[in-house]
> 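Next up is a structure, given as structure tokens.
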Amino acid sequence: MNETVENKGQGKGTRAVKAVGAIVLAGCLVASLGLNIYQASVQNQKVNSFIDGQLERQAKEEEQENSYIEDGFVVGDDYEIRSTTHISDAYKSGDDSGLSEADKETLDMAKAVLDEVVEDGMSNYEKELAVYTWMVENIGVSGSGSVISRPGGSSSAFTPHDVLISKDAVCVGYATTFRLLMNMLGMDVHIVHNDYHSWDLVEIEDGQWYHVDIYSDAHGALYGNFNMTDDVCLMGHNWDGSALPVADSVKYSPAVCNSVELDGLLDVPAQLKKDMDEGKCAVFYRFKTPLTEEDMTAADFLAQLLDTAVTSIPDGNYYYFRALWYPGENDENILGLMMERDEEPGEENPIFDTNSPEGRAVINAIAEAFGMDPAMLGGQYVDDPVEDEPVEDVIGGGSSEVVRTKNGGSVTVN
């Protein structure tokens with residue numbers, strides 16, 4: 001009886017334990033289900049957030065593509081990129097009747113350049129190279145030291161009209177003038193820009209685009225910024241490329257077109273010295289045997305020592321040396337070496353000799369007209385002339401005579 005009661009008590013306890021266990025298990029199941037639901041919700045939020053981020057990024061890219069402008073953009077807060085399509089169209093059609101007088105003048109000057117450098121039978125690349133070379137050699141070499149303003153002078157020319165008149169240019173002037181000449185030759189060009197610089201992106205063949213920064217090369221090394229791929233250009237430039245064609249062709253890069261094949265790295269120094277003696281400031285070397293990782297490390301050491309050697313040449317005037325690896329057509333590495341040097345004195349702007357007869361005549365003419373002592377203008381005034389041989393009309397059109405004195409000065413005699 002007691003046993004039965006005891007057993008019954010045990011049974012009730014067991015059932016109670018089982019009931020509690022069932023409740024706990026049920027709670028765990030509910031909690032587990034809730035956790036799964038929560039985790040799924042978090043995961044969905046992450047997916048939705050990722051999708052929203054992608055859509056937002058795409059929207060921004062589309063906005064950039066729609067808002068990216070070339071003509072009308074102002075570089076450096078001063079220099080506006082202006083369209084010249086109407087001028088190149090007039091050249092191609094042979095009808096300039098719709099152009100303004102200034103645009104007709106621009107067209108005539110641009111035609112003169114093309115007549116000078118472009119020959120029949122040239123390929124697009126040869127035409128581009130001819131125009132590039134002419135601009136490097138002729139734009140930015142005069143006028144920057146003038147006191148008297150010329151149209152587009154003082155190195156501030158940013159339109160093809162002023163660039164071709166003054167032979168001076170800011171980066172926008174180089175970019176728009178090159179674009180005009182290329183458009184006249186039938187090649188498509190974009191002007192690439194950021195807030196402070198601009199250059200060109202030219203299509204040489206169908207789908208083959210190249211970056212060309214003539215401004216930098218006119219002030220640096222020939223071919224240093226010519227026909228670059230996006231990757232090479234990114235080493236020294238930055239821009240928003242979302243609305244521009246991809247430039248990944250190396251066919252007409254200077255590294256491919258102008259490289260010299262060498263047996264190995266140890267041949268570089270002698271070849272470089274030979275090229276420098278010939279006046280080259282940008283050279284490209286490819287190697288018969290592909291370089292190993294060890295060779296690449298040795299090349300870094302070689303470049304360091306070449307930098308020291310080049311910039312230490314007595315009277316060499318080299319102040320800058322740069323080494324770059326360029327991509328070749330067969331995934332080869334082409335070594336490019338760039339050197340920049342100061343111009344020879346007087347090479348850009350001849351210095352006027354103020355102590356020459358012409359200089360003294362100017363000083364005395366002004367001193368006489370304004371009743372001044374020539375010494376105030378940089379001349380020497382002595383009342384005791386020792387030479388009676390006049391220097392007549394040294395400037396042309398003047399009626400005064402200049403007489404030299406003992407100490408090299410002069411006086412004006414009417």
Side-chain angles (χ1 to χ4, degrees), residues 125 128-129 132-133 136 199 201-202 204-205 207-214 216-217 219-239 241 246-342:
Y125 167 69
E128 179 215 17
L129 179 60
Y132 163 85
T133 304
V136 168
W199 62 97
L201 186 65
V202 58
I204 305 301
E205 292 183 359
Q208 294 188 5
W209 294 84
Y210 299 85
H211 292 270
V212 180
D213 184 355
I214 303 181
S216 294
D217 286 0
H219 298 80
L222 189 69
Y223 304 130
N225 294 272
F226 177 63
N227 282 3
M228 299 176 287
T229 63
D230 285 338
D231 289 340
V232 172
C233 193
L234 279 169
M235 294 181 186
H237 302 70
N238 65 82
W239 69 97
V246 173
D248 57 6
S249 173
V250 300
K251 181 178 180 180
Y252 295 117
S253 72
V256 170
C257 294
N258 302 328
S259 61
V260 174
E261 186 175 75
L262 303 178
D263 289 331
L265 285 173
L266 296 181
D267 295 320
V268 170
Q271 184 64 43
L272 175 62
K273 184 60 171 63
K274 176 177 179 293
D275 290 336
M276 290 173 63
D277 290 343
E278 294 176 359
K280 297 178 182 178
C281 288
V283 294
F284 306 91
Y285 304 131
R286 64 184 188 277
F287 303 97
K288 289 182 179 180
T289 304
L291 300 182
T292 64
E293 287 298 321
E294 185 177 354
D295 291 333
M296 299 292 278
T297 303
D300 287 340
F301 179 60
L302 174 73
Q304 292 177 27
L305 297 185
L306 285 175
D307 187 357
T308 301
V310 169
T311 55
S312 300
I313 296 175
D315 302 323
N317 296 320
Y318 291 98
Y319 65 91
Y320 177 80
F321 178 89
R322 185 186 187 195
L324 294 171
W325 287 113
Y326 287 83
E329 288 189 296
N330 300 313
D331 296 326
E332 63 182 335
N333 291 308
I334 298 176
L335 180 61
L337 303 178
M338 310 291 162
M339 295 144 288
E340 296 180 21
R341 60 182 174 183
D342 293 320

> Checking D230 side chain against A247 main chain: does a donor-acceptor pair fall under 3.5 Å?
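Yes, the answer is positive, given that a donor and an acceptor are paired below the 3.5 Å cut-off.
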> For the CG atom of L335 and the CZ atom of R286, what is their distance to the nearest 0.5 Å?
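The CG atom of L335 sits 13.0 Å away from the CZ atom of R286.
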> Looking at every non-hydrogen atom in both residues, tell me the closest pair between Y132 and F226 and how far apart they are.
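Smallest heavy-atom distance, with atoms named: CD1-CD1, 3.6 Å.
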> Is N330 atom CG crowded by more than 12 heavy atoms from other residues, nucleotides or ligands, each under 6.0 Å away?
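At most 12 heavy atoms, drawn from other residues, nucleotides or ligands, come within 6.0 Å of this atom.
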> Return all side-chain donor-acceptor pairs below 3.5 angstrom for residues 307-314, not counting sequence neighbours, or 'none' if the list is empty.
residue, atom, partner, partner atom, Å
T308, OG1, Q304, O, 3.4
T311, OG1, D307, O, 2.7
S312, OG, T308, O, 2.6

> Return the OG1 to CG distance between T289 and D263, rounded to the nearest 0.5 Å.
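The distance works out to 8.0 Å.
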> Taking D267 for the side chain and G264 for the main chain, is one N or O donor matched with an acceptor at less than 3.5 Å?
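Yes.
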> Does either side chain, that of Q208 or that of D248, offer a donor lying less than 3.5 Å from an acceptor on the other one?
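No, D248 and Q208 have no side-chain donor paired with an acceptor closer than 3.5 Å.
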> For E205, give me all partners under salt bridge (Lys or Arg N to Asp or Glu O under 4.0 Å), at least two apart in sequence or on another chain.
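If we apply the salt bridge (Lys or Arg N to Asp or Glu O under 4.0 Å) test to E205, skipping adjacent residues, the hits are K251.
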> Would you please name every residue forming a ring pair (Phe, Tyr, Trp, His ring centres under 6.0 Å) with W239, sequence neighbours left out?
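Expected list: W199, H211.
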> Please list all pairs meeting ring-ring contact (aromatic ring centres under 6.0 Å, His included) that have one or both residues in residues 248-295, counting only residues at least two apart or in different chains.
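Listed by first then second residue: Y125-Y252, F284-Y326.
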> Looking at residues at least two apart in the chain, or sitting in another chain, which of them share a salt bridge (Lys or Arg N to Asp or Glu O under 4.0 Å) with K280?
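Testing K280 for salt bridge (Lys or Arg N to Asp or Glu O under 4.0 Å), a comparison that skips the adjacent residues, returns D275, E278.
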> With the side chain counted from C-beta on, respond yes when N225 and H237 share a heavy-atom pair under 4.5 Å apart, and no when they do not.
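Yes, at least one pair of side-chain atoms sits under 4.5 Å.
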> Within the side chain of D213, is there an N or O that forms a donor-acceptor pair under 3.5 Å with the backbone of S216?
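Pair found, side chain donor or acceptor close to backbone of S216.
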> What residues, two or more places apart in sequence or in another chain, satisfy side chain to side chain donor-acceptor pair (under 3.5 Å) together with D300?
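In terms of side chain to side chain donor-acceptor pair (under 3.5 Å), with neighbours along the sequence ignored, D300 is linked to no residue.
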